[in-house]
Amino acid sequence: MTTALRVPEELSARVPAEQRGQGLDRDAVRLLVSRGTEVSHHGFAELPGLLRAGDLLVVNTSPTLAAAVDGRIGHARVVVHFSTRGDDGRWAVEVRDPDGRGTSRARAGGPAGTEVRLPGGVRLVLEEPLTGRSPRLWWGRVSEPDGRVSEPDDPRPEVDVLGLLGRHGRPIRYSYTERDQPLSAYQTVFALPAADGAGSAEMPSAARPFTARLVATLVSRGVQFAPVTLHTGVASAEAHEPPYPERFAVPDTSARLINAARAGDGRVVAVGTTAVRAVESATGADGVVRAAEGWTDLVVTPERGVRVVDGLLTGLHEPEASHLLLLEAVAGRAAIDLGYDAALRGRYLWHEFGDVHLILPEEAPHTEHCASNCW
């Protein structure tokens with residue numbers, strides 16, 4: 001059973017692929033491919049040969065924020081991870097302890113009224129837990145250097161926090177990585193600036209191995225792309241909690257592309273679990289995708305299933321992570337167990353700078369379109 005497995009520490013990807021050797025690019029990672037219970041091993045650069053004309057890749061365009069900021073509670077040093085901006089101007093935050101190695105470790109959240117001093121005289125006051133399930137994430141309100149607290153009716157309450165992140169923030173980094181990386185290392189080729197400056201606290205990492213050259217090759221072979229947006233919050237490396245509400249948007253053009261692919265012979269392959277959550281949130285019970293935006297609290301499980309996603313490209317993550325239920329919803333438990341077993345035996349690298357897993361539906365024995373469209 002996959003959840004009983006443990007990933008050896010040496011299989012954590014400590015630096016990005018392009019830093020592991022001269023002349024390497026982001027696509028210099030391995031690609032595990034699962035088709036039902038059949039597993040094969042490839043390089044990521046082989047992806048164009050594993051897809052076919054008419055397939056549609058759903059990609060998340062959310063940019064990554066420099067969401068980690070140093071602060072103090074009293075005399076104690078802390079690290080604040082800014083996660084999600086609420087509609088009332090507050091931010092969901094996680095306060096962590098520095099571990100002396102350039103990263104941080106979990107600490108108890110709260111209590112209400114705790115004040116965190118941030119650079120530039122900015123203050124963050126913790127108000128209440130984000131949910132009743134876990135005290136890890138708290139809603140907090142920032143006050144500006146002059147002491148004025150941002151109120152819910154402030155027309156631009158997010159400006160000061162985003163400015164703070166731009167001046168003093170750095171990408172969130174976990175202890176399995178070797179060193180700090182520039183923010184550019186955490187941006188995917190699909191990232192687009194949001195009009196309001198919003199973004200993801202953590203990189204939508206399944207898309208990281210894509211390069212502009214590889215995208216061009218895919219397009220030349222008839223593979224299409226449907227952009228969606230889901231601003232991811234702070235995951236927890238220690239507490240594998242179900243996802244909480246996140247902002248998403250599925251534009252009309254992308255909805256039309258997805259519906260057209262499903263009406264034809266194309267497969268809808270989501271690049272990352274965030275793309276699955278976004279597109280499934282815009283899908284009705286009738287299986288039709290419609291333009292939508294706002295907050296989604298959808299949790300995709302095997303019981304709920306998926307309505308439009310046929311396949312998934314995803315990173316390799318700890319077996320206990322809650323989003324493995326989403327993977328099972330796409331491919332079934334047996335396929336995911338076999339895939340993870342193969343990844344461990346094959347010494348694949350885990351986490352955001354690691355190798356990736358392409359989950360495709362089982363092929364019918366004889367498909368009419370294969371003669372002209374299989375690569």
Side-chain angles (χ1 to χ4, degrees), residues 2 5 7 11-21 24-36 38-51 55-62 64 174 176-177 181 185-191 200 202-215 217-218 223 225 230 232 235 267-277 309-319 321 323-324 326-328 330-331 335-361:
T2 297
L5 299 176
V7 179
L11 294 186
S12 294
R14 303 193 180 282
V15 296
E18 62 272 22
Q19 297 179 17
R20 296 177 199 151
L24 297 181
D25 207 340
R26 288 181 172 217
D27 58 3
V29 298
R30 299 170 68 192
L31 178 64
L32 178 73
V33 178
S34 294
R35 292 185 181 88
E38 177 188 339
V39 176
S40 57
H41 304 273
H42 306 266
F44 190 77
E46 298 175 60
L47 181 64
L50 297 165
L51 300 176
D55 284 346
L56 181 70
L57 294 177
V58 182
V59 297
N60 187 359
T61 63
S62 178
T64 308
Y174 291 110
Y176 49 76
T177 56
Q181 298 287 343
Y186 290 87
Q187 303 293 4
T188 73
V189 72
F190 304 111
S200 290
E202 296 180 353
M203 172 177 55
S205 57
R208 192 185 190 280
F210 283 89
T211 63
R213 180 181 62 253
L214 186 62
V215 170
T217 301
L218 287 163
V223 176
F225 291 83
L230 187 134
T232 65
R267 298 169 295 185
V268 177
V269 179
V271 178
T273 57
T274 62
V276 176
R277 195 181 198 197
V309 172
D310 300 306
L312 174 63
L313 181 70
T314 181
L316 294 165
H317 301 279
E318 295 289 354
H323 72 255
L324 286 186
L326 186 152
L327 272 62
E328 291 177 23
V330 174
I336 299 306
D337 279 354
L338 285 170
Y340 267 66
D341 288 345
L344 285 172
R345 290 195 308 271
R347 309 293 289 175
Y348 279 68
L349 295 181
W350 254 248
H351 303 303
E352 65 267 29
F353 296 139
D355 299 316
V356 283
H357 185 190
L358 176 61
I359 301 168
L360 293 173

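Numbers here are sequence positions counted from 1. For clarity, every value in this text was computed on a predicted model and none was experimentally measured.
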(message) Would you say that Phe353 contacts Gln19 through its side chain, given a criterion of any heavy-atom pair below 4.5 Å between the two side chains?
(response) no
(message) Return the CG to OG1 distance between Leu51 and Thr217, rounded to the nearest 0.5 Å.
(response) 12.0 Å
(request) Say whether, by atom type as modelled, one donor and one acceptor occur between the side chain of Ser12 and the main chain of Tyr176 under 3.5 angstrom. (result) no
(request) Supply the atom-to-atom distance Leu313 CG to Leu358 CG, rounded to the nearest 0.5 angstrom. (result) 5.5 Å
(message) I want to check something: taking the side chain as every heavy atom from C-beta on, are Pro361 and Val330 in contact at a cut-off of under 4.5 Å?
(response) no
(message) Is any side-chain heavy atom of Val59 closer than 4.5 Å to one of Phe210?
(response) no
(request) Using side-chain contact (heavy atoms from CB on, under 4.5 Å) as the criterion, list what pairs up with Glu18, not counting sequence neighbours. (result) Pro16, Arg26, Arg208
(request) Using side-chain hydrogen bond (donor to acceptor under 3.5 Å, both in side chains) as the criterion, list what pairs up with Ser40, not counting sequence neighbours. (result) His42
(message) If I take atom CD1 from residue Ile336 and atom CG from residue Leu312, how far apart are they, to the nearest 0.5 angstrom?
(response) 8.0 Å
(message) What's the separation between atom CG in Leu50 and atom CG in Leu360, rounded to the nearest 0.5 Å?
(response) 7.5 Å
(request) Would you mind reporting whether Tyr340 and Leu316 have side-chain heavy atoms less than 4.5 Å apart? (result) yes
(message) If we count only N and O atoms by modelled type, under 3.5 Å, do the side chains of Thr211 and Asp25 hold a donor and an acceptor together?
(response) no
(request) Write down the atom of Gly354, the atom of Val29, and the distance for their closest heavy-atom approach. (result) O-CG1, 3.7 Å
(request) Please confirm whether the backbone N or O of Val268 pairs with a side-chain atom of Asp310, one donor and one acceptor, at under 3.5 Å? (result) yes
(request) Write down the atom of Arg30, the atom of Gly346, and the distance for their closest heavy-atom approach. (result) NH1-O, 2.6 Å
(message) I'd like to know if the side chain of Thr232 and the backbone of Glu202 have a donor-acceptor N/O pair within less than 3.5 Å.
(response) yes
(message) Would Asp55 and Leu218 count as a side-chain contact (heavy atoms from CB on, under 4.5 Å) here? Give the steps.
(response) CA-CA 10 Å; Asp55 284 346; Leu218 287 163; over 6 Å; no
(message) Distance check, rounded to the nearest 0.5 Å: Tyr174 atom OH versus Glu352 atom CD?
(response) 8.5 Å
(message) Which heavy atom of Ala206 sits nearest to which heavy atom of Gly315, and what is that distance?
(response) CB-N, 4.2 Å
(message) Between Asp27 (side chain only) and Ala45 (backbone N and O only), is there a donor and an acceptor less than 3.5 Å apart?
(response) no
(request) With rounding to the nearest 0.5 Å, note down the distance linking CG in Leu32 to NE2 in His357. (result) 4.5 Å
(message) Using every non-hydrogen atom in the two residues, find where Gly43 and Glu46 come nearest and quote the distance to one decimal.
(response) N-OE2, 2.7 Å
(request) Search all heavy atoms of Ala335 against all heavy atoms of Gly36 and return the closest pair with its distance. (result) CB-O, 3.1 Å
(request) Could you tell me which non-hydrogen atom of Ala212 sits nearest to which non-hydrogen atom of Val189, and how far apart they are? (result) N-CG2, 4.0 Å
(request) Please confirm whether the backbone N or O of Leu349 pairs with a side-chain atom of Asp355, one donor and one acceptor, at under 3.5 Å? (result) yes
(message) Which residues pass the ring-ring contact (aromatic ring centres under 6.0 Å, His included) test with His41, not counting sequence neighbours?
(response) Tyr348
(request) With Leu230 as reference, evaluate Thr273, Thr61, Asn60 under the side-chain contact (heavy atoms from CB on, under 4.5 Å) test and give the passing residue. (result) Asn60
(message) Once you measure the plane-to-plane angle for Phe225 and Phe190, does it fall in the parallel (<30°), tilted (30-60°) or perpendicular (>60°) bin?
(response) tilted
